[in-house]
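Quick note: numbers below take in every heavy atom, side chains included, and nothing from hydrogens, waters or symmetry partners.
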Amino acid sequence: MENFSEPKRVKEDELNMTDAMTVCLLENDPMEEIFALNLGDFLCEHLISSEFAHKISDKVKTKNERLKDQLLELISIYSIDSTLSILGFDSNEDYIIYNSIAKTIKLMLSLDECVIYLAKKDEPIKLAGTSSDDFNKTVDARITRSYENEEVIMLNEDDKQIIVFPMKNKFECIGAIETTRDINRPLEAEFIELLKITAGLFVTSLGIQKLIEQVKRVVNSETVSTSELLNLRAQLTSIIGDLGDKQQAFVEKLAVAVDLKGQYKNCHSQRTADLSKEICRFLELNEKTTDLIYYAGLLQNIGKITINDDLLNKKGKLSKEEWDKLQEHPNAGVSLLMNINFMSEVVPYIHYQKERWDGLGKPEGLGGFSIPFGSRIIAVADAYCALTEDRPHRPALSNDEALEILKKESAVKWDPNVVNSLIQMKS
């Protein structure tokens with residue numbers, strides 16, 4: 001196998017060869033190798049001839065043109081549709097965006113109220129959106145202090161717990177989010193961590209959008225220098241890396257919040273996700289598919305974060321209406337995930353997780369191999385984890401007991417191939 005740790009350089013005079021596709025690389029520029037490899041993947045996937053590929057490479061005549069193409073490629077991936085729609089809004093009208101964010105956070109975390117404040121450069125911080133649509137709120141000193149000092153402020157006032165979170169990342173602070181809850185029901189530590197991550201993710205998403213607008217202006221300029229283009233590419237790749245870190249942290253903290261609200265005591269979502277990943281690796285699935293199934297395992301019960309606390313915590317028998325609402329939680333979760341665009345690829349895995357191998361499941365009665373493979377893996381992992389955890393109505397079952405139940409229900413509820421794989425892993 002060719003060693004890619006030291007990629008070969010291609011000389012300019014080799015571009016005249018017609019028997020092989022080569023790409024002219026910027027001198028001493030390792031990032032150029034990455035884009036060249038991406039082009040190679042594209043060629044392999046679509047079986048483009050080497051002659052046609054040679055013509056493509058010939059179109060790129062200067063370093064600046066190649067850099068502009070790379071910048072345009074990056075911003076096409078990280079457009080506003082991919083980064084900014086993280087919490088449930090779909091409009092570019094400011095007041096609608098920020099009201100929607102505030103209302104979504106209120107719903108997710110069962111708050112009394114959520115208010116968002118933003119500050120433009122060299123301007124004082126101002127009210128931007130609220131879950132109550134009350135735009136007569138004043139900017140209290142605590143909001144200004146949280147923003148200017150980039151610190152979380154917690155206090156009790158009028159029988160309410162008030163927490164102010166600075167909206168910051170490692171690059172900047174652009175405002176603050178204020179949450180209010182009844183003092184007798186203080187915000188859980190897990191929800192506080194989720195809010196911190198959410199604020200940082202939102203700031204980073206906005207930062208990417210600002211940089212994208214700058215890139216668009218620069219690539220349309222004929223006088224831009226190579227150094228300026230290289231600097232923009234470095235900034236863009238850096239903030240994209242930061243966004244990726246925050247997205248992963250957001251999903252993991254959201255999963256913890258889901259378990260907390262769903263009254264799970266054993267980190268059920270994390271256990272399900274970890275076991276789903278183990279099954280994927282046992283089956284030798286590719287890395288991207290494994291990651292998507294892992295995230296779907298983390299968020300499989302996300303619908304519970306939108307269900308009323310009183311229903312989730314109710315002791316005793318539920319009414320038919322309450323039971324139906326609780327049973328339909330994957331649909332609520334899918335609706336929420338559809339608005340977290342960077343996670344949209346996991347939606348089908350979650351949506352069909354309650355299907356059964358015999359076709360008698362929900363929501364659409366799919367059966368057998370028509371159920372997405374990721375859904376079938378998560379369903380088995382979820383069942384195993386549930387069986388081996390303590391529940392209010394029974395103690396945890398042993399590994400052997402859980403596997404025996406899954407084996408009996410194999411080819412009825414579960415994919416027999418996945419069940420057999422789990423048995424081999426756990427026996």
Side-chain angles (χ1 to χ4, degrees), residues 80 83-89 91-109 111-158 160-181 183 186-214 235 238-239 242-243 245-247 249-250 253-254 257:
I80 192 166
T83 60
L84 200 53
S85 294
I86 57 174
L87 288 173
F89 54 84
S91 170
N92 58 5
E93 295 289 339
D94 284 355
Y95 76 94
I96 295 177
I97 288 177
Y98 300 120
N99 276 14
S100 181
I101 295 172
K103 290 175 181 177
T104 304
I105 293 174
K106 175 184 176 181
L107 175 66
M108 286 170 58
L109 306 185
L111 304 173
D112 292 344
E113 188 174 20
C114 178
V115 186
I116 296 174
Y117 301 86
L118 293 174
K120 295 182 179 180
K121 188 176 181 180
D122 301 325
E123 293 184 13
I125 191 167
K126 296 178 181 178
L127 177 69
T130 169
S131 62
S132 63
D133 295 329
D134 179 8
F135 283 91
N136 294 318
K137 288 181 173 293
T138 58
V139 180
D140 294 325
R142 61 176 176 264
I143 305 299
T144 303
R145 189 167 86 249
S146 175
Y147 163 64
E148 292 180 347
N149 297 336
E150 299 186 10
E151 63 176 325
V152 176
I153 296 175
M154 303 177 65
L155 69 151
N156 296 329
E157 185 178 279
D158 298 329
K160 299 291 183 183
Q161 180 202 50
I162 298 173
I163 308 181
V164 186
F165 300 85
M167 297 178 68
K168 67 172 184 174
N169 61 11
K170 65 182 181 182
F171 302 103
E172 60 183 335
C173 182
I174 66 167
I177 298 176
E178 182 183 57
T179 65
T180 304
R181 249 203 194 184
I183 199 171
L187 198 63
E188 296 84 349
E190 292 85 353
F191 286 177
I192 290 175
E193 288 303 309
L194 176 59
L195 270 170
K196 290 178 181 177
I197 293 293
T198 300
L201 178 57
F202 182 66
V203 176
T204 302
S205 296
L206 285 177
I208 283 184
Q209 296 313 311
K210 292 177 185 176
L211 195 55
I212 283 175
E213 293 305 313
Q214 183 180 352
Q235 290 183 57
S238 175
I239 198 170
D242 188 54
L243 177 68
D245 292 342
K246 283 187 166 52
Q247 286 175 344
F250 173 76
K253 296 298 182 184
L254 184 58

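Distance alone, capped at 3.5 Å, places no donor-acceptor pair between the Gln235 side chain and the Leu211 backbone. With hydrogens and angles ignored, the 3.5 Å screen pairs no side-chain donor or acceptor of Thr138 with any backbone N or O of Asp140.
Side-chain contact annotation: Thr204 with Asn169, donor-acceptor N/O pair under 3.5 Å present. In summary, the side chains of Glu113 and Ser131 do not present any donor paired with an acceptor at a separation below 3.5 Å, with no hydrogens or angles considered.
With a 4.5 Å cut-off on side-chain heavy atoms, Lys137 and Val115 count as touching. The side-chain heavy atoms of Leu111 and Ile105, taken from C-beta on, include a pair separated by under 4.5 Å. Looking at Ile177 and Met167, their side chains come closer than 4.5 Å, going by heavy atoms from C-beta outward. With contacts defined as side-chain heavy-atom distances shorter than 4.5 Å, the pair Ile174/Lys168 does not qualify.
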side-chain contact (heavy atoms from CB on, under 4.5 Å) evaluation trace for Thr144 with Val139
CA-CA 7 Å; Thr144 303; Val139 180; 3.9 Å; yes

Just do the side-chain contact (heavy atoms from CB on, under 4.5 Å) check on Phe250 and Leu194 with the steps written out, would you?
CA-CA 7 Å; Phe250 173 76; Leu194 176 59; 4.0 Å; yes

Glu213 and Lys210: CA distance, side-chain angles, deciding distance, salt bridge (charged side-chain N to carboxylate O under 4.0 Å, His left out) verdict
CA-CA 5 Å; Glu213 293 305 313; Lys210 292 177 185 176; over 6 Å; no

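In plain terms, the two heavy atoms of Ile143 and Ala176 that are nearest each other are CG2-CB, 4.3 Å. The two residues Asn99 and Gly129 come nearest to each other via the heavy atoms OD1-CA, 3.2 Å.
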Output a table of donor-acceptor pairs, distance under 3.5 Å, between side-chain atoms of residues 146-158 and any protein atom two or more places apart or on a different chain; print 'none' if there are none.
unit_1 : atom_1 : unit_2 : atom_2 : d
Ser146 : OG     : Glu151 : O      : 2.7
Asn149 : ND2    : Glu151 : OE2    : 3.2

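Here the straight-line distance linking atom OH of Tyr117 with atom CD1 of Ile125 works out to 8.5 Å at 0.5 Å rounding. Between Ile192 atom CD1 and Leu187 atom CG the span is 5.0 Å, to the nearest 0.5 Å. Atoms NZ and CD1, from Lys196 and Ile163 in turn, are 9.0 Å apart once rounded to the nearest 0.5 Å. Interatomic distance, Thr179 OG1 to Ile116 CD1, rounded to the nearest 0.5 Å: 11.5 Å. Taking CZ of Phe191 as the reference point, atom NZ of Lys253 lies at 13.0 Å (rounded to 0.5 Å).
Identified under the salt bridge (charged side-chain N to carboxylate O under 4.0 Å, His left out) test for residues 198-207, with sequence neighbours left out: none.
The salt bridge (charged side-chain N to carboxylate O under 4.0 Å, His left out) check on Glu188 picks up Arg181, with sequence neighbours excluded.
Residue Lys126 places its NZ atom among 12 or fewer non-hydrogen atoms of other residues, nucleotides or ligands, all under 6.0 Å distant. Heavy-atom contacts from other residues, nucleotides or ligands closer than 6.0 Å to NZ of Lys103 number more than 12.
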